[in-house]
*Asks:* 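One structure is given below, represented as structure tokens, and several questions about it will come after.
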Amino acid sequence: MLNNEFLTGTTLNIYAELKDESGYGVTTSGLTFYMTEPGGIGYTYYFGSGSGSGNSEPVQAGISTGIYFKQWTPSRTGVHKYSWKATGSTQATFKSFFDVKNGEW
């Protein structure tokens with residue numbers, strides 16, 4: 001498997017790391033995570049807003065300043081596209097993707 005390939009049912013921590021110009025981690029109150037699954041099915045999650053478990057959990061703070069993550073357990077095969085958007089005093093965007101293969105042979 002390639003670095004950006006995962007199997008269905010595997011729980012992933014998808015990270016966002018926010019740093020200032022000096023390389024120090026910074027906090028934000030406005031962080032949004034967007035996920036688009038195969039077939040164009042889209043989801044939006046916010047830092048610290050909402051509750052739930054699994055894919056319905058909100059964006060969470062990581063183990064140190066400036067690190068945030070969203071847990072995702074893919075159930076669909078194909079390319080998953082995601083992006084992070086920080087707003088407020090810290091503004092940044094990041095986009096990436098990963099491919100999901102069937103975990104059941």
Side-chain angles (χ1 to χ4, degrees):
M1 284 182 26
L2 301 174
N3 287 337
N4 65 341
E5 286 184 341
F6 301 95
L7 299 176
T8 55
T10 302
T11 299
L12 310 171
N13 285 340
I14 303 171
Y15 287 95
E17 188 172 356
L18 303 178
K19 295 181 180 181
D20 63 14
E21 295 84 12
S22 301
Y24 294 103
V26 295
T27 60
T28 184
S29 59
L31 185 60
T32 308
F33 176 80
Y34 303 96
M35 171 64 77
T36 303
E37 290 187 316
I41 302 165
Y43 303 91
T44 303
Y45 301 91
Y46 303 94
F47 171 61
S49 177
S51 62
S53 60
N55 290 350
S56 65
E57 284 184 328
V59 172
Q60 301 172 44
I63 56 174
S64 64
T65 302
I67 297 178
Y68 300 87
F69 70 96
K70 173 69 181 103
Q71 284 193 331
W72 195 263
T73 305
S75 59
R76 299 175 184 272
T77 59
V79 175
H80 290 62
K81 300 173 186 174
Y82 65 91
S83 62
W84 290 98
K85 182 178 182 182
T87 57
S89 60
T90 302
Q91 295 187 7
T93 58
F94 174 79
K95 295 183 178 203
S96 192
F97 69 95
F98 56 90
D99 196 11
V100 176
K101 306 291 184 188
N102 192 342
E104 298 178 11
W105 293 67

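What's counted below: heavy atoms across the whole structure, side chains too, no hydrogens, waters or symmetry copies. Computed from a prediction, not measured in an experiment: that's the story for all the values here.
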*Asks:* Examine the side chains of Thr8 and Ser75 and answer whether a donor and an acceptor come within less than 3.5 Å of each other.
*Replies:* no
*Asks:* Can you tell me how far the NZ atom of Lys85 sits from the CG atom of Leu31, to the nearest 0.5 Å?
*Replies:* 11.5 Å
*Asks:* Between Ala92 and Leu18, what is the shortest heavy-atom contact and its length?
*Replies:* CB-CD2, 4.4 Å
*Asks:* If you round to the nearest 0.5 Å, how far is CD1 of Ile67 from NZ of Lys19?
*Replies:* 8.0 Å
*Asks:* Using ring-ring contact (aromatic ring centres under 6.0 Å, His included) as the criterion, point out the one residue from Trp72, Tyr34, Tyr82 that pairs with Tyr43.
*Replies:* Trp72
*Asks:* Hydrophobic clustering (ILVMFWY, side-chain heavy atoms < 4.5 Å, transitive) - are Ile41 and Met35 grouped together?
*Replies:* yes
*Asks:* Any chance you could measure Phe94, atom CZ, to Tyr15, atom OH, to the nearest 0.5 Å?
*Replies:* 14.0 Å
*Asks:* Which atoms form the tightest heavy-atom contact between Trp84 and Val59, and what is the distance?
*Replies:* CZ3-CG1, 3.7 Å
*Asks:* If you link ILVMFWY side chains whenever their heavy atoms are less than 4.5 Å apart, which other residues fall into the same cluster as Phe97? By chain and number, please.
*Replies:* Val79
*Asks:* Working to the nearest 0.5 Å, report the span between NZ of Lys81 and OG of Ser96.
*Replies:* 11.5 Å
*Asks:* Find the distance between CZ (Arg76) and CG (Asn102) and round it off to the nearest 0.5 Å.
*Replies:* 13.5 Å
*Asks:* Return the CG to OG1 distance between Leu7 and Thr77, rounded to the nearest 0.5 Å.
*Replies:* 11.0 Å
*Asks:* Determine which pairs satisfy side-chain hydrogen bond (donor to acceptor under 3.5 Å, both in side chains) with at least one residue from residues 86-95, sequence neighbours left out, and list them in order.
*Replies:* none
*Asks:* Any side-chain heavy-atom pair from Leu12 and Thr10 closer than 4.5 angstrom?
*Replies:* yes
*Asks:* Which class fits the ring pair Tyr45 and Phe33: parallel under 30°, tilted 30 to 60°, perpendicular over 60°?
*Replies:* tilted
*Asks:* Looking only at non-hydrogen atoms, find the nearest pair between Pro38 and His80 and report the distance.
*Replies:* CD-CE1, 3.5 Å
*Asks:* Check the orientation of Phe98 and Phe6. Use parallel for under 30°, tilted for 30 to 60°, and perpendicular for over 60°.
*Replies:* perpendicular
*Asks:* Taking the side chain as everything from C-beta on, heavy atoms only, tell me whether Thr44 gets closer than 4.5 Å to Tyr46.
*Replies:* yes
*Asks:* Which heavy atom of Gln71 sits nearest a heavy atom of Glu57, and at what distance?
*Replies:* OE1-OE1, 3.4 Å
*Asks:* Determine, using the 4.5 Å side-chain heavy-atom cutoff (strictly less than), whether Ile14 and Tyr68 are members of one ILVMFWY cluster.
*Replies:* yes
